[in-house]
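Heads up, the thing below is written out as structure tokens.
Everything quoted here is computed from the prediction, not taken from an experiment. Every number for a ligand or one of its atoms is a count from 1 in the order of the listing. Values reported hereafter were calculated over all heavy atoms of this structure, with side chains retained and with hydrogens, waters and symmetry mates removed.
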Amino acid sequence: MNASPWHRTLLRQMARTGLIPDDVTDERFAALLQRVSLSYDDADKQRYLHDRAFSLASQEMQDLYDRLQEASQSEATVQRDRLKAVFDTAATGLIVLEDNGQIFDLNPVAEMILGLDHDTQVAEPIGSVLVTADPEDPSTVDLQHAIATGENWRCSDVLLMTRTGTLSASLLFRPMASGGGVLAIEDITERKKAQAELIWRANHDSLTGLQNRASLVDQINRGLQRARRYGTSVAVLFIDLDRFKRVNDTLGHAAGDVLLVECARRIGSAIREVDTIARIGGDEFVVLCENLTTDSAARERDTREIATRIIKAVDEPFMLDGTPAYVEASIGITFSQGSPVGPDTLLRDADIALYEAKQSGGSALAFYDDSMIDRMQYALELERQLRRALPTDELWMAYQPILALDGDNVIGYEALARWNSPQGPIGPEEFIATAETAGLLNDLGRRLIRRSLHFLNDLPGDLRLFINMSPSQIAADGIIEWFDEALEDTGADPRRLVIEITETAALADFRIGQRLAEFQSRGIAIALDDFGSGHSSLSSLRTLPLNLIKLDRSFLNSTVDDPRAESLARMLCDLGHALGISIIAEGIEDDDQRRFAQDMGCQYGQGILLGPPTTADQALEHAARHV
Ligand code: C2E
Ligand code: MG
Ligand code: MG
């Protein structure tokens with residue numbers, strides 16, 4: 001038999017152990033050995049195949065691994081490049097720190113924020129480039145601690161000192177698992193400025209830079225708290241400019257703005273250091289006076305002093321592009337009382353007092369008291385009634401004769417407004433003031449003047465008509481054109497017309513003089529009414545184009561037994577004569593007064609002795625008898 005080395009080895013082993021004789025001839029063994037041999041061959045083949053397969057597989061694995069290796073290396077490169085790009089272009093400053101706090105890398109924004117140079121800073125300790133402006137500020141120490149302990153850390157606002165100056169920064173530190181970490185740094189200086197600007201805007205008036213209402217309310221609240229704590233009192237002064245609207249309308253808004261800014265400055269310089277000033281509306285200012293005594297007489301005296309200074313400061317003319325403009329301040333004042341009050345109540349009460357101050361004709365101040373509410377309600381009711389009465393016959397004109405004192409010749413009639421309200425007659429001084437504050441006087445005045453012009457047409461001969469106009473009517477837009485039209489419509493002769501203008505501070509308004517001159521150029525005469533009762537008599541004589549003066553009746557009342565008033569009246573008459581202006585004495589009630597007026601040199605007179613105001617029909621009858 002064809003035995004393989006395996007067979008021989010096996011046979012020897014079997015013979016040695018006595019299992020078979022040395023020379024194997026037995027057919028049974030031959031067949032067994034044949035089967036064993038075949039199995040060996042088979043196993044050999046299998047092993048070869050396995051070896052081959054394994055070596056192939058590991059080769060593949062190796063290739064795969066290499067390929068993977070290559071791939072992951074290029075991926076890492078890509079990742080690193082991407083990271084670098086992000087790092088370099090990040091809008092936030094980024095500083096990579098080692099675990100000992102040294103700078104490993106920093107991006108351009110970080111360099112820019114801190115004013116650093118990249119290469120010279122790498123490897124520098126962070127503490128040497130991040131310097132707080134305040135040496136006591138613990139931020140950098142906290143950061144060092146976070147780096148050392150590998151903790152997250154942030155500081156939303158720190159003032160840093162850099163080579164180029166100081167800046168506000170927000171800092172954020174994130175540790176890395178491998179040690180050290182990244183410090184993000186953001187320059188928030190501009191953002192803080194913008195925030196500060198927003199906060200400023202929310203609390204201030206942008207035109208004047210004064211506090212606004214919201215901020216004033218806070219200030220009053222704080223003032224009240226202090227007053228309670230220290231046993232003092234606060235005053236709220238509500239200031240409103242009279243005739244500001246006219247400046248705005250005639251000289252333009254830009255000029256109005258200049259006036260407001262200047263006004264804010266003047267009010268500011270009239271108050272004390274502890275006081276606060278705010279602008280809470282177009283031409284409304286509020287002054288908060290703190291630290292006042294609770295003694296009512298003393299605090300009223302102190303506050304009156306401040307308010308008077310404000311009124312005087314505002315009274316001075318404002319030069320707007322070379323043109324003088326005039327406004328007046330009215331001031332309403334209220335105090336914090338013993339009982340707790342809030343800013344709203346104080347502002348409301350001061351506003352009510354202001355209303356009262358305004359009623360007394362500008363450049364005035366009023367202290368709040370509870371009765372004002374009733375009066376204000378009455379005034380508002382009067383205003384409502386007046387609006388209703390405007391187009392009705394409740395409003396009519398009375399006419400009072402004016403006579404030459406050297407005989408009994410009537411020279412004309414003064415038209416005086418009357419109101420028969422459902423509640424009874426209301427005097428013109430009251431309803432004209434109401435109409436003026438309610439903005440109704442223009443309308444009311446024009447209606448009444450039109451009626452008077454018809455009356456003038458009915459007056460016989462060359463009798464004249466005297467009409468009253470307040471400065472606000474004279475200064476109103478379009479009044480000259482309106483007059484021209486009314487004169488044409490009614491056919492009234494302007495040369496028989498006299499406009500009486502009351503002497504008030506408003507007369508100082510530069511446009512009044514111009515308007516009066518325009519009336520004069522149409523043949524209308526101008527009379528200064530109530531002369532000697534106001535406060536600018538002499539300057540009006542110099543600046544206004546006047547034809548006549550009506551001497552206030554207070555002179556006739558007092559002069560009889562008051563030598564000083566008498567000499568003053570005489571001087572005023574002399575002055576009039578020297579200027580070529582005729583004088584009409586008002587309020588002649590008895591023969592003594594008539595003689596006295598004549599004695600002083602008044603050519604004309606008016607008063608109940610010479611003839612009371614009557615209806616138009618009665619006046620026309622009166623006129624018919626006297627021409
Ligand atoms: P005024 O222009 O000075 O008018 C004279 C005032 O004195 C009138 O008062 C008149 O009734 C009054 N009076 C006349 N004689 C005497 C007298 O002998 N003794 C006394 N004590 N008073 C006398 P009235 O009618 O109450 O008018 C008051 C003021 O109202 C006027 O003063 C004038 O300033 C104003 N007013 C009247 N009507 C008008 C008007 O239509 N328009 C304007 N803007 N104001 C007017
Ligand atoms: Mg008059
Ligand atoms: Mg008068």
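- The pair Glu500-Lys550 meets the salt-bridge criterion, since a charged nitrogen lies less than 4.0 angstrom from a carboxylate oxygen.
- Tyr368 does not carry Arg348 over the face of its six-membered ring by the limits of under 6.0 Å from the centre and within 45° of the normal.
- Applying the salt bridge (charged side-chain N to carboxylate O under 4.0 Å, His left out) test to pairs two or more places apart or on separate chains, those with a residue in residues 595-614 are Arg570-Asp599, Asp592-Arg595.
- Annotation: Arg375, atom CZ; neighbour count of heavy atoms from other residues, nucleotides and ligands within 6.0 Å is above 12.
- Electrostatic pairing of Arg246 and Asp249 does not count as a salt bridge here, judged by no charged N lying under 4.0 Å from a carboxylate O.
- The contact shell of ligand 1, taken as protein residues with any non-hydrogen atom closer than 4.0 angstrom, comprises Met397, Gln400, Glu414, Leu416, Ala417, Arg418, Pro428, Glu429, Ile432, Asn468, Met469, Ser470, Gln473, Glu500, Asp529, Asp530, Arg553, Glu586, Gly587, Ile588, Glu589, Gly607, Ile608, Pro613.
- No side-chain N or O of Thr323 forms a donor-acceptor pair with one of Asp321 less than 3.5 Å apart.
- Trp419 and Phe431 have perpendicular rings, their planes meeting at more than 60° on a 0 to 90° scale where under 30° would count as parallel.
- By the criterion of a separation under 2.8 Å, the protein N/O/S atoms near the Mg ion (ligand 2) amount to Glu414 OE2, Asn468 OD1, Glu500 OE1, Asp529 OD2.
- With sequence neighbours excluded, the residues forming a side-chain contact (heavy atoms from CB on, under 4.5 Å) with Ala298 are Thr293, Asp295, Arg301, listed by chain and number.
- Both tests do not hold together for Arg243 against Tyr326: distance to the six-membered ring centre under 6.0 Å, angle to the ring axis within 45°.
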